[in-house]
Structures are given as C-alpha cells and as structure tokens.
Undergrad: 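The structure under discussion is supplied below as structure tokens; questions concerning it will follow.
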Amino acid sequence: MSQRTFSIIKPDAVRKGYTAAILAAIEKAGFKIVTIKRMSISTAQAEGFYHVHAARPFFGELTRFMSSGPIFPMVLEKDKAIADLRLLMGATDPAKADEGTIRKQFASSIGENAIHGSDAEETAAFEIGYFFAGIELQ
Ligand code: ATP
Ligand code: MG
C-alpha cells in the first residue's frame with residue numbers, strides 16, 4: 001500500500017543549484033511527487049517546524065540555516081515512502097552517508113545536509129500539514 005512522506009530540499013542545495021538533480025534522484029527511486037513549491041520561511045516558522053529539537057544545542061544554527069534562503073517543501077508517495085526516503089537521503093552527517101545517497105552526493109556538513117525527510121508516520125502527518133493545505137494534496 002502506498003504511503004506519503006514529507007521532504008524539503010534545504011537552502012544549501014537550492015543555493016548550489018542541486019534542486020533538479022535531487023528531484024531526479026527522488027523520481028528515479030520510484031517516488032511520485034504529489035505536490036511541491038518554492039518558498040522561504042522565517043526563523044520563527046523554522047522553529048515551529050523543528051519544535052522537537054528545541055532543546056538541542058544546534059537548534060539556533062538549524063533554524064537560522066533553514067530560514068537563510070529558498071527551500072522546496074514537497075509531499076512524496078510510494079510504498080514504504082518514509083523508510084525508503086530515509087535510505088535514499090543517507091546519514092544525517094554526509095561524511096557517514098553511503099555512496100549514492102543524496103547527502104553523500106550533495107551535502108557538505110551535518111548542519112547543511114541538503115534534504116529533510118520525515119522519520120515516522122506521525123511526524124510526516126504533522127510536517128505535511130505544516131506546509132500544505134488539504135486542497136493541495138489531491
Ligand atoms: P532531518 O530531520 O532534517 O531529515 P535527520 O532526521 O537526519 O534530518 P535530525 O536528528 O532530525 O536528523 O536533525 C535535524 C537536523 O538538525 C539535521 O538534518 C541537521 O541539519 C541538524 N543537525 C543534527 N545534528 C546536528 C549537529 N550535531 N550539528 C548541527 N546540526 C545538526
Ligand atoms: Mg529528523
């Protein structure tokens with residue numbers, strides 16, 4: 001049964017011109033792009049999105065980075081979409097990411113790591129609703 005997940009092409013990857021290459025890798029891996037848009041978010045909006053990390057030492061750095069330039073939030077669909085996107089993304093730290101993963105190819109550091117992907121069904125539901133209205137998700 002197909003499942004939906006939420007992803008963001010982060011500001012570092014957009015700045016470097018990797019958007020199309022990352023979308024190509026996502027489509028090649030069998031995901032349907034249900035919806036996507038280009039936008040910028042404020043630091044407060046990034047804080048709301050990453051609220052589960054509020055107590056972490058890198059929270060300020062993370063939310064400033066996520067609001068530093070345009071991003072592409074999107075909803076993706078496929079069998080096992082949540083787990084499969086995490087595999088395609090690779091480890092949080094690109095230095096530890098497997099060959100062929102998006103972070104290995106396009107990310108430069110643990111802070112600026114090119115792509116976000118939901119880590120569970122509940123977080124996917126929250127994150128999709130944070131960025132998209134129901135009418136955008138048909
Ligand atoms: P994401 O949630 O963005 O998909 P992830 O699930 O692989 O990434 P998390 O542990 O959820 O990793 O951390 C969220 C984000 O916070 C990371 O993607 C990274 O950009 C940033 N981050 C995590 N650990 C660090 C760190 N030690 N230093 C700086 N930034 C970090
Ligand atoms: Mg995460």
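Both counts, for ligands and for their atoms, begin at 1 and track the order of listing. All values derive from a computational prediction rather than experimental measurement.
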Undergrad: May I ask which of Met89, Arg103, His116 has a heavy atom nearer to atom 8 (O) of ligand 1 than the others do?
TA: Arg103
Undergrad: How close does the nearest protein non-hydrogen atom get to atom 26 (C) of ligand 1, and which residue and atom is it?
TA: Phe58 CD2, 3.5 Å
Undergrad: Between Glu136 and Lys37, is there a salt bridge with N-O shorter than 4.0 Å?
TA: yes
Undergrad: Are Leu85 and Leu87 connected, step by step, through hydrophobic side chains (Ile, Leu, Val, Met, Phe, Trp, Tyr) whose heavy atoms are closer than 4.5 Å?
TA: no
Undergrad: Verify whether one side chain among Glu127 and Ser118 offers a donor that lies under 3.5 Å from an acceptor in the other.
TA: yes
Undergrad: For atom 11 (O) of ligand 1, grab the closest protein heavy atom and report residue, atom and distance to one decimal in Å.
TA: His53 NE2, 3.0 Å
Undergrad: Given that the side chain starts at C-beta and the backbone is N, CA, C, O, which of these parts of Arg86 lies under 4.0 Å from ligand 1, counting heavy atoms, or is it both or neither?
TA: side chain
Undergrad: With a cut-off of 4.0 Å, which atoms of ligand 1 are near a heavy atom of Asn113?
TA: 17 (C), 18 (O), 19 (C), 20 (O)
Undergrad: Does ligand 1 come near enough to Gly117 that some N or O of the ligand is less than 3.5 Å from an N or O of the residue?
TA: yes
Undergrad: Please find the pair of heavy atoms, one from Ile41 and one from Ser67, that lie closest to each other, and give the distance.
TA: O-CB, 3.0 Å
Undergrad: So, are Asp119 and Arg86 salt-bridged, with charged N and O less than 4.0 Å apart?
TA: no
Undergrad: Please state whether the rings of His116 and Phe49 are parallel, tilted or perpendicular, taking 30° and 60° as the class boundaries.
TA: perpendicular
Undergrad: What part of Leu62 sits under 4.0 Å from ligand 1 if we count only heavy atoms: the side chain, the backbone, both or neither?
TA: side chain
Undergrad: With heavy atoms under 4.0 Å as the rule, classify the contact between Phe65 and ligand 1 as side chain, backbone, both or neither.
TA: neither
Undergrad: What protein heavy atom sits nearest atom 5 (P) of ligand 1, and how far away is it?
TA: Thr92 OG1, 3.5 Å
Undergrad: Touching ligand 1 at all, Ile110? Heavy atoms, strictly under 4.0 Å?
TA: yes
Undergrad: Short list, please: which atoms of ligand 1 are under 4.0 Å from a heavy atom of Glu61?
TA: 29 (C)
Undergrad: Looking only at non-hydrogen atoms, find the nearest pair between Arg4 and Ile128 and report the distance.
TA: CB-CD1, 4.3 Å
Undergrad: Just jot down the ligand 1 atoms closer than 4.0 angstrom to any heavy atom of Gly111, in number order.
TA: 20 (O), 30 (N)
Undergrad: Do Thr19 and Arg38 pair up side chain to side chain, a donor and an acceptor below 3.5 Å, judged on atom types alone?
TA: no
